[in-house]
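The next block holds one structure in the form of structure tokens; read it before the comments.
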Amino acid sequence: MAKAPKAKGSKTKAPKNKALTAEAAQATTPRTPGSFWTTPATEALRWTRGTDLSALDPASTPGWAGRKQDGEALMAARAPELADLQERLFAHGRTGGDRSVLLVLQGLDTSGKGGIVRHVVGMVDPQGVMHRGFGVPTAEEKEHGYLWRVRNALPRPGYLGVFDRSHHEQVLVVRVDRLEPVRTWRRHFRELNEFEAEVAASGTLIVKVALFVSPDEQKARLAERLDRPDKHWKYNPSDIDVRLKLPEYLAAYQELLDRTSTDVAPWYAVPADRKWYARLAVTELLGTALRSLDLSWPPADFDVEAEKARLAAT
């Protein structure tokens with residue numbers, strides 16, 4: 001059958017690809033950095049008992065639909081607010097308040113704990129921060145129970161406390177390296193929960209972050225430390241020994257998260273292969289915690305107008 005001739009001047013229109021059209025429209029529509037969180041970090045990262053830790057993809061970005069540059073833009077946008085919230089907390093403590101915040105960073109070497117301290121905690125005034133790293137106990141610390149040094153490092157009212165590793169090592173390295181009998185370290189789960197409940201009841205808001213990197217990413221970061229003279233100080237030959245025990249550490253972290261994530265001190269499992277995401281996630285978790293305190297600026301305990309008059313007279 002012969003085809004009907006086209007009408008003069010008519011054009012054949014290419015069918016629209018609706019998917020591509022939608023993507024193009026989305027790409028040209030301005031978005032605020034915060035809108036890339038499809039699920040709040042506090043929900044996307046909060047540990048649920050019974051979740052299979054081995055199924056966690058360390059390169060994933062739970063709850064985040066943006067790119068690296070979007071995350072970095074949001075961190076920059078969050079910085080003024082984070083500093084303001086921390087200053088309110090500091091002022092609160094200086095005027096008799098009893099609230100504080102404790103950020104616990106737990107993870108194997110190269111998981112990015114130090115970077116989070118520099119890039120996230122570094123956004124606030126250092127005079128209001130109490131930072132403590134927990135390594136091998138000193139001779140004095142060994143003379144006391146394992147929680148003794150932790151109690152001495154808790155943030156005072158008004159302060160943001162930061163633990164680089166923590167009291168949870170008592171059911172991690174102690175377990176993996178068989179430093180205590182099984183019946184002994186298993187008792188620590190209850191002790192840890194009771195201790196954190198006590199700390200929370202005293203006015204400290206606890207934010208516990210567990211950082212996870214893949215074996216390949218950890219290997220790459222260790223290789224960089226060996227390749228760069230300025231990073232040699234961060235390398236320890238024992239890091240290789242830890243790599244040989246990664247399956248044991250995975251099992252230890254699984255039980256840690258399952259048994260010590262509580263309502264007053266929940267764990268947040270943060271994939272850390274992408275450093276920018278881990279830092280962004282902790283920024284969101286810390287900001288949410290500080291915001292939840294709902295602190296206002298302390299009122300003046302003097303007559304403001306009278307002081308203005310006195311100042312003007314000088």
Side-chain angles (χ1 to χ4, degrees), residues 32-35 37 39-47 63-64 74-106 113 116-132 150-164 166-168 192-211 260-270 278-301:
T32 58
S35 67
W37 280 110
T39 304
T42 50
E43 297 178 19
L45 300 169
R46 182 161 177 161
W47 183 257
W64 180 256
L74 180 55
M75 276 194 68
R78 290 283 195 248
E81 182 194 18
L82 199 67
D84 176 80
L85 291 169
Q86 184 263 344
E87 188 177 1
R88 288 172 185 257
L89 175 63
F90 190 63
H92 167 81
R94 290 287 295 271
T95 53
D98 64 350
R99 303 309 306 272
S100 61
V101 174
L102 174 60
L103 174 64
V104 175
L105 300 174
Q106 193 69 50
K113 301 183 295 297
I116 287 173
V117 172
R118 287 191 299 276
H119 295 278
V120 180
V121 181
M123 290 192 285
V124 306
D125 190 337
Q127 71 173 331
V129 177
M130 294 178 62
H131 175 269
R132 172 65 190 271
V150 180
R151 288 185 185 278
N152 290 337
L154 289 172
R156 299 190 298 273
Y159 281 82
L160 165 61
V162 182
F163 283 1
D164 183 337
S166 67
H167 39 299
H168 300 95
L192 291 170
N193 289 337
E194 291 176 350
F195 170 69
E196 290 178 345
E198 174 191 336
V199 171
S202 72
T204 300
L205 184 59
I206 304 172
V207 182
K208 298 190 301 190
V209 176
L211 300 159
T260 64
S261 189
T262 63
D263 289 340
V264 297
W267 276 107
Y268 297 96
V270 177
R279 294 167 185 172
L280 172 64
V282 176
T283 298
E284 294 294 289
L285 295 172
L286 182 57
T288 299
L290 287 166
R291 211 175 292 118
S292 73
L293 296 177
D294 195 23
L295 298 176
S296 57
W297 292 108
D301 58 358

Stepwise side chain to side chain contact (heavy atoms under 4.5 Å, CB included) check, Leu286 with Leu160: CA-CA 10 Å; Leu286 182 57; Leu160 165 61; 3.9 Å; yes
Are side-chain heavy atoms of Thr262 and Thr260 found at a separation under 4.5 Å? no
What pair of heavy atoms forms the shortest contact from Val207 to Ala289, and how long is it? CG2-CB, 3.6 Å
For Ala200 and Val264, which heavy atoms make the closest approach, and how far apart are they? CB-CB, 4.0 Å
How about Trp37 and Leu74: do any of their side-chain heavy atoms sit closer than 4.5 Å? yes
How long is the straight-line distance from CG of Asp84 back to CG of Leu89, given to the nearest 0.5 Å? 11.5 Å
CZ of Arg132 to CG of Leu102: how many Å apart, nearest 0.5 Å? 12.5 Å
For Thr39 and Gly63, indicate whether the former's side chain and the latter's backbone hold a donor-acceptor pair under 3.5 Å. no
Without swapping roles, check the side chain of Ser166 against the backbone of Phe163 for a donor-acceptor pair under 3.5 Å. no
Are any side-chain N or O atoms of Lys208 and backbone N or O atoms of Ala265, one a donor and one an acceptor, separated by less than 3.5 Å? yes
Which heavy atom of Pro266 sits nearest a heavy atom of Ile206, and at what distance? CD-O, 4.4 Å
Exercise: do Gln106 and His167 side chains pair donor with acceptor under 3.5 Å: no
Is there a side-chain contact between Leu295 and Leu290, using heavy atoms and a 4.5 Å cut-off? no
Would you give the length of the straight line joining atom NZ of Lys113 to atom CG of Asp164, rounded to the nearest 0.5 angstrom? 5.5 Å
Evaluate the criterion side chain to side chain contact (heavy atoms under 4.5 Å, CB included) for residue pair Leu154 and Met130; output intermediate values, then yes/no. CA-CA 8 Å; Leu154 289 172; Met130 294 178 62; over 6 Å; no
Any Lys/Arg nitrogen of Glu284 or Arg291 sitting under 4.0 Å from an Asp/Glu carboxylate oxygen of the other? no
Minimum heavy-atom distance between Ala281 and Leu45, given as atom pair plus value: CB-CD1, 3.6 Å
Does a donor on one side chain and an acceptor on the other come within less than 3.5 Å for Ser100 and Thr204? yes
Trp64 vs Leu280, test: side chain to side chain contact (heavy atoms under 4.5 Å, CB included). Steps then yes/no. CA-CA 10 Å; Trp64 180 256; Leu280 172 64; 3.9 Å; yes
What verdict does the side chain to side chain contact (heavy atoms under 4.5 Å, CB included) test give for His131 and Val121, after you've listed the backbone C-alpha separation in whole Å, the side-chain angles of each residue and the deciding distance to 0.1 Å? CA-CA 10 Å; His131 175 269; Val121 181; over 6 Å; no
What distance separates Arg151 CZ from Phe195 CZ, expressed to the nearest 0.5 Å? 5.0 Å
Please name the pair of heavy atoms, one in Asp98 and one in Pro157, separated by the smallest distance, quoted to 0.1 Å. CA-CB, 3.9 Å
Please report the closest heavy-atom contact between Pro80 and Ala76, naming both atoms and the distance. CD-O, 3.5 Å
Let me confirm one number: the CD1-CG distance from Ile116 to Leu103, rounded to the nearest 0.5 Å. 8.0 Å
Side-chain contact test, heavy atoms from C-beta onward, threshold under 4.5 Å: evaluate it for Gln86 versus Met123 and give yes or no. no
Can you find a heavy atom in the side chain of Val162 that is under 4.5 Å from one in the side chain of Val104? no
Quick one: CD on Glu81 to OG1 on Thr283, what's the gap to the nearest 0.5 Å? 11.0 Å
Can you find a pair of side-chain heavy atoms, one from Ser292 and one from Leu205, that are under 4.5 Å apart? yes
More than 12 heavy atoms of other residues, nucleotides or ligands under 6.0 Å from CG of Asp263: yes or no? no
Checking Glu87 now: which residues fulfil salt bridge (charged side-chain N to carboxylate O under 4.0 Å, His left out) with it, not counting sequence neighbours? none
Is there a side-chain contact between Asp125 and Phe90 in this structure, where contact means two heavy atoms from C-beta onward sitting under 4.5 Å apart? no
I'd like to check Tyr268 versus Trp47 (side-chain heavy atoms, cut-off strictly below 4.5 Å). Are they in contact? no
